[in-house]
Amino acid sequence: MKKYVCKVCGWIYDEALGDPDNGIAPGTKWEDLPDDFKCPLCGVGKDDFEIMED
């Protein structure tokens, strides 16, 4: 499972954890998120996220 970080505000989407507060189940892969997914903190789209390196 990967983690993605918002380049604008730093919010992290962890595929293992999902985002249950926003209806995204744990284990939901980044590519399975809807195309109109928005960062829950700052509202930018998927294009403004990048994979976190370990």
Side-chain angles (χ1 to χ4, degrees):
M1 304 247 93
K2 297 176 184 169
K3 294 179 183 177
Y4 293 80
V5 63
C6 177
K7 295 186 281 187
V8 175
C9 73
W11 182 79
I12 297 169
Y13 177 73
D14 184 336
E15 292 178 334
L17 301 177
D19 187 14
D21 291 343
N22 291 298
I24 301 169
T28 302
K29 297 223 177 261
W30 181 254
E31 55 268 16
D32 294 331
L33 293 174
D35 290 337
D36 63 352
F37 173 81
K38 302 281 190 236
C39 176
L41 288 186
C42 71
V44 298
K46 288 174 79 173
D47 290 344
D48 288 309
F49 280 77
E50 61 188 5
I51 296 175
M52 288 183 71
E53 301 297 329
D54 289 334

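Residue numbers start at 1 and run along the sequence shown.
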For this session: First locate atom CG of Leu33, then atom CD of Glu15, and finally report the distance between them rounded to the nearest 0.5 Å.
Result: 8.0 Å
Exercise. Can you tell me how far CG of Leu41 sits from SG of Cys6, rounded to the nearest 0.5 angstrom?
Worked result: 8.0 Å
For this session: Assess whether atom NZ of Lys2 is packed by more than 12 heavy atoms of other residues, nucleotides or ligands within 6.0 Å.
Result: no
For this session: To the nearest 0.5 angstrom, please state how far the NZ atom of Lys3 sits from the CE atom of Met52.
Result: 6.0 Å
Exercise. Side chain to side chain donor-acceptor pair (under 3.5 Å): which pairs involve residues 19-37, sequence neighbours left out?
Worked result: Asp19-Asn22
Exercise. In terms of hydrophobic clustering (I, L, V, M, F, W, Y; side-chain heavy atoms under 4.5 Å; direct or indirect links), are Leu17 and Trp11 co-clustered?
Worked result: no
Exercise. Would Ile51 and Phe37 show up in the same hydrophobic cluster when neighbours are defined by side-chain heavy atoms closer than 4.5 Å?
Worked result: yes
For this session: List the atom of Val44, the atom of Phe49, and the distance in Å for their closest heavy-atom pair.
Result: O-CE1, 4.3 Å
Problem set entry | Lys46, NZ: over 12 other non-hydrogen atoms inside 6.0 angstrom | yes
Problem set entry | Heavy-atom pair of closest approach, residues Pro26 and Ala16 | CB-O, 3.4 Å
